[in-house]
**Q** 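A single structure is presented below for examination.
For the numbers below, each heavy atom of this structure counts, side chains included, while hydrogens, waters and symmetry mates do not. The residues of the chain are indexed from 1 along the displayed sequence.
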Amino acid sequence: MRVRRIRRDWHASPDDGAAASRRVIPVGGEHVTGARNDPPPYRYHIRVRGRLGQTIRGAFPALQAQASGGDTVLTGPLPDRAALYGVLAEIEALGLELLEVRRLPPA
């Protein structure tokens, strides 16, 4: 990633020992966050009590739902921890009982 120096600002007078700070911005439209060596998405196995109907399963489009006994297992890849927390928050918001969360080994 190429960066361009914008300016140098002094946040304090030179006699108090404060160091200069630099602002840098990406050049050429590159993204600073989305590093190329991000880990691949993890697959998760999330079990909730009861059999979920089609409408409630629609709240989890990234996951496949499968009935297992009297429960439902949601399985699929989630890109990061924030996505996992989003799914868990949706489970809570829908009033579902969370039974198990497992991260599956890489395929």
Side-chain angles (χ1 to χ4, degrees):
M1 173 173 66
R2 296 181 340 203
V3 292
R4 176 175 42 153
R5 180 193 259 163
I6 298 298
R7 66 181 192 190
R8 181 178 287 255
D9 292 329
W10 289 94
H11 292 288
S13 64
D15 59 347
D16 69 359
S21 65
R22 291 181 279 160
R23 282 185 44 206
V24 292
I25 61 170
V27 175
E30 296 173 355
H31 294 284
V32 175
T33 59
R36 291 188 180 161
N37 54 355
D38 287 341
Y42 289 111
R43 290 183 46 81
Y44 287 91
H45 172 101
I46 302 169
R47 181 181 296 270
V48 295
R49 183 165 317 280
R51 291 187 178 218
L52 303 184
Q54 187 69 23
T55 303
I56 293 181
R57 287 194 315 245
F60 309 102
L63 302 173
Q64 293 182 329
Q66 182 176 4
S68 174
D71 302 329
T72 301
V73 176
L74 302 169
T75 307
L78 296 173
D80 54 23
R81 190 173 288 171
L84 173 63
Y85 290 159
V87 169
L88 298 177
E90 188 69 25
I91 288 170
E92 181 180 19
L94 291 170
L96 302 174
E97 184 179 350
L98 178 65
L99 300 175
E100 177 184 23
V101 176
R102 281 192 293 152
R103 188 170 69 190
L104 301 174

**Q** Without placing hydrogens or testing angles, list every side-chain donor-acceptor pair under 3.5 Å for residues 82-92, not counting sequence neighbours.
**A**
none

**Q** In this structure, would L78 and L94 fall into the same cluster of hydrophobic residues linked by side-chain contacts under 4.5 Å?
**A**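 Shared cluster, yes.
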**Q** Looking at OG1 of T75 and OH of Y44, how far apart are the two atoms once the value is rounded to the nearest 0.5 Å?
**A**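 These two atoms lie 13.0 Å from each other.
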**Q** Measure the CG-CG distance between L74 and L96 for me, rounded to the nearest 0.5 Å.
**A**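 Output value for this atom pair is 8.5 Å.
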**Q** Measure the CZ-CZ distance between R103 and R81 for me, rounded to the nearest 0.5 Å.
**A**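 If I round to the nearest 0.5 Å, the distance is 8.0 Å.
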**Q** Check V48 against D71 and note the closest heavy-atom contact, atom names and distance.
**A**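 The answer is O-CB, 3.2 Å.
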**Q** Ignoring hydrogens and geometry, is there a side-chain-to-backbone donor-acceptor pair from T72 to G50 under 3.5 Å?
**A**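 Such a contact is found between T72 side chain and G50 backbone.
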**Q** Quick check: closest heavy atoms across P79 and P41, and the distance to 0.1 Å?
**A**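 Closest approach of P79 to P41, heavy atoms only: CA-CB, 3.7 Å.
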**Q** Within a 6.0 Å radius of atom CD on E100, are there more than 12 heavy atoms belonging to other residues, nucleotides or ligands?
**A**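 Yes, CD of E100 has more than 12 neighbouring heavy atoms, counting only those of other groups under 6.0 Å.
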**Q** Is there a path of hydrophobic side-chain contacts, each under 4.5 Å between heavy atoms, that joins I46 and V73?
**A**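 I46 does not cluster with V73.
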**Q** Would you please name every residue forming a salt bridge (charged side-chain N to carboxylate O under 4.0 Å, His left out) with D80, sequence neighbours left out?
**A**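 By the salt bridge (charged side-chain N to carboxylate O under 4.0 Å, His left out) rule, D80 matches no residue at all.
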**Q** Please report, to 0.1 Å, the donor-acceptor pairs under 3.5 Å made by any side chain of residues 51-58, with sequence neighbours excluded.
**A**
from, atom 1, to, atom 2, distance (Å)
R51, NE, G69, O, 3.2
R51, NH2, G69, O, 2.9
Q54, OE1, R57, NH2, 2.3
R57, NH1, L52, O, 3.1

